[in-house]
Number of protein chains: 2
Amino acid sequence: MDNQDIRKAGLKVTLPRVKILELLENSTQRHVSAENVYKMLIDRDEEIGLATVYRVLTQFEAAGLVTRQNFEGGYAVFELDRGGHHDHLVCVVCGKVEEFVDATIEKRQREIAKEHGFEIVDHSLIIYGHCGNPKCHVG
Amino acid sequence: MDNQDIRKAGLKVTLPRVKILELLENSTQRHVSAENVYKMLIDRDEEIGLATVYRVLTQFEAAGLVTRQNFEGGYAVFELDRGGHHDHLVCVVCGKVEEFVDATIEKRQREIAKEHGFEIVDHSLIIYGHCGNPKCHVG
DNA sequence: CTCGTAATGAAAAAGATTCTCATCACCATT
DNA sequence: AATGGTGATGAGAATCTTTTTCATTACGAG
Ligand SMILES: [Zn+2]
Ligand SMILES: [Zn+2]
Ligand SMILES: [Zn+2]
Ligand SMILES: [Zn+2]
């Protein structure tokens with residue numbers, strides 16, 4: 001994952017693109033919103049506009065470098081596409097995100113789509129719940 | 001599904017609430033956005049503000065009368081809760097929505113949550129694709 | 001090194017949803 | 001049926017996320 005990936009996407013290798021890609025690679029959280037990315041860049045004294053962050057993330061998504069997930073609450077999170085597809089478990093209290101892949105679910109989805117005459121383009125499966133952290137439990 | 005349901009939710013039986021509930025029951029499309037509801041009411045010469053539509057739909061959701069789905073594109077659709085949980089298939093071309101329930105998927109989700117130490121609160125599974133309509137196919 | 005074109009930043013715009021607040025209307029009580 | 005208290009409503013302002021506009025800047029091919 002380097003500047004060549006940016007070039008291969010048909011995009012110029014510019015400072016904002018390099019910095020955003022670096023940040024996605026080195027961030028402790030894999031799932032970040034555009035706002036997150038913007039603020040992290042500000043913290044690193046990078047003068048990159050929010051509009052550019054959105055533009056670049058959208059371009060990276062189109063290029064297959066990044067995946068976008070629409071979370072509850074009307075905002076999206078982005079993550080570096082490390083090859084494998086996966087779905088998400090999100091803690092509704094602390095926001096912790098875990099990933100999983102389940103062959104059975106993936107297979108059933110393909111079968112269901114077929115039964116309904118749909119040709120799958122994409123899917124989104126997000127399980128919301130309380131994570132293992134005691135602080136995130138009710139009562 | 002009538003005025004008693006509104007009362008049972010601890011809400012006063014007001015004209016906007018009655019009209020919105022009626023509309024959700026009689027609409028040809030089960031899955032409607034707040035904007036949809038607002039416009040349909042305007043078409044029926046009901047003078048109900050958009051803010052009220054949002055408020056009422058949110059209250060109906062809290063009362064369990066209505067379910068909210070966050071679709072791709074950053075907007076939500078609402079539908080009357082007819083008891084059974086179900087997931088969605090959405091055509092990315094014409095917007096057609098079909099519903100399904102799959103016991104295998106539901107079961108695997110519970111198992112996966114357990115494996116990760118999560119206590120499920122909710123989940124959202126949306127399969128995006130091209131529906132059977134020839135007009136919605138590529139090439 | 002030069003130049004054309006793509007990329008950027010700032011601000012405005014857009015789209016969805018929520019909030020504010022003055023006014024209005026349910027409905028329990030008289 | 002009239003009254004009053006409280007919850008509900010409408011209009012518009014405000015908020016939040018994302019996109020667009022446009023003048024300026026900077027890749028990178030030649
Ligand atoms: Zn948690
Ligand atoms: Zn992920
Ligand atoms: Zn279709
Ligand atoms: Zn549905």
Side-chain angles (χ1 to χ4, degrees), chain A residues 2-23 31-42 44-63 65-78 95, chain B residues 2-23 31-42 44-63 65-79 95 124:
Chain A
D2 61 355
N3 296 354
Q4 290 313 313
D5 293 297
I6 297 176
R7 277 216 178 74
K8 272 190 280 185
L11 301 168
K12 283 188 183 175
V13 178
T14 61
L15 198 136
R17 288 177 181 147
V18 172
K19 291 299 176 189
I20 291 172
L21 193 51
E22 263 178 37
L23 192 152
H31 306 82
V32 291
S33 67
E35 190 74 29
N36 285 160
V37 171
Y38 176 66
K39 285 184 178 154
M40 291 168 105
L41 289 168
I42 294 294
R44 297 184 182 191
D45 293 311
E46 300 292 348
E47 299 287 324
I48 296 176
L50 182 56
T52 299
V53 172
Y54 274 104
R55 266 188 300 242
V56 170
L57 288 172
T58 300
Q59 292 159 345
F60 282 1
E61 186 194 12
L65 294 175
V66 151
T67 297
R68 180 196 305 242
Q69 299 286 326
N70 290 95
F71 275 23
E72 229 172 36
Y75 68 96
V77 298
F78 299 82
Chain B
D2 62 355
N3 296 354
Q4 290 313 313
D5 293 297
I6 297 177
R7 278 216 176 74
K8 273 191 278 185
L11 302 169
K12 279 189 184 173
V13 178
T14 61
L15 197 137
R17 288 178 181 144
V18 172
K19 291 299 176 190
I20 291 173
L21 194 51
E22 261 178 37
L23 192 153
H31 306 82
V32 291
S33 67
E35 190 74 29
N36 284 160
V37 171
Y38 175 65
K39 286 183 178 155
M40 292 167 105
L41 288 168
I42 294 294
R44 298 185 183 192
D45 293 311
E46 300 292 347
E47 299 286 324
I48 296 177
L50 182 56
T52 299
V53 172
Y54 274 104
R55 266 188 303 242
V56 170
L57 288 172
T58 301
Q59 292 159 345
F60 282 0
E61 186 194 13
L65 294 176
V66 150
T67 297
R68 179 195 307 245
Q69 299 287 325
N70 290 95
F71 275 22
E72 228 171 36
Y75 68 96
V77 298
F78 299 81
E79 65 177 304
S124 164

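The chains referred to below are lettered A, B, ... by the order of the sequence lines, with proteins before strands, and numbering in each begins at 1. Just so it is clear, the values below take in all heavy atoms, side chains as well, and ignore hydrogens, waters and symmetry mates.
- Nucleotide dT9(D) holds its P atom 12 Å from the CG atom of Leu41(B), rounded to whole Å.
- To the nearest angstrom, P of dA25(C) lies 13 Å from CD of Glu47(B).
- Between Phe60(A) atom CZ and dA7(C) atom C1' the separation is 12 Å, expressed in whole Å.
- Among residue pairs with one or both ends in residues 46-58 of chain B, those qualifying as side-chain hydrogen bond (donor to acceptor under 3.5 Å, both in side chains) are Thr52(B)-Arg55(B), Thr58(B)-Arg68(B); sequence neighbours excluded.
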Worked check of side-chain contact (heavy atoms from CB on, under 4.5 Å) between Ile6(B) and Val18(B) = CA-CA 8 Å; Ile6(B) 297 177; Val18(B) 172; 4.2 Å; yes

Protein and nucleotides 14-17 of chain C: nitrogen or oxygen contacts under 3.5 angstrom:
from, atom 1, to, atom 2, distance (Å)
dT17(C), OP1, Ala76(B), N, 3.0
dT17(C), OP2, Tyr54(B), OH, 2.5
dT17(C), O5', Tyr54(B), OH, 3.4

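- A search for salt bridge (Lys or Arg N to Asp or Glu O under 4.0 Å) contacts involving Arg7(B) returns nothing, not counting sequence neighbours.
- In this structure, the CD atom of Gln59(B) is 8 Å from the C1' atom of dA8(D), given to the nearest Å.
- The two residues Ile48(A) and Tyr38(A) come nearest to each other via the heavy atoms O-CE1, 3.1 Å.
- Not counting sequence neighbours, the partners of Glu79(B) by the side-chain hydrogen bond (donor to acceptor under 3.5 Å, both in side chains) test are His31(B), Arg82(B), His86(B), His88(B).
- Taking atom CD on Glu46(B) and atom P on dT9(D), their separation rounds to 13 Å, with Å as the unit.
- For the atom pair Thr67(A) OG1 and Leu57(A) CG, the distance stands at 11.5 Å (nearest 0.5 Å).
- Between Lys19(A) atom NZ and dT8(C) atom P the separation is 14 Å, expressed in whole Å.
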One pair to check against side-chain contact (heavy atoms from CB on, under 4.5 Å): Leu11(A) and Arg17(A). What are the steps and the verdict? CA-CA 9 Å; Leu11(A) 301 168; Arg17(A) 288 177 181 147; 3.6 Å; yes

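- At whole-Å resolution of the value, CD1 in Ile6(B) and C1' in dA8(D) are 13 Å apart.
- Taking the side chain of Arg17(B) as heavy atoms from C-beta on, and the options dT18(C), dT8(C), dT9(D), the nearest nucleotide is dT9(D).
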Expected string for nucleotides 20-30 of chain D under the B/S/- scheme (protein heavy atoms, under 4.0 Å, primed atoms plus P, OP1, OP2 as sugar-phosphate) is BB-----BS--

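- For the side-chain hydrogen bond (donor to acceptor under 3.5 Å, both in side chains) test, residues two or more places apart in sequence or in another chain that qualify with Asn36(A) are Ser33(A).
- Within the model, atoms CZ of Phe60(A) and CD1 of Ile20(A) stand 6.5 Å from one another, a figure rounded to the nearest 0.5 Å.
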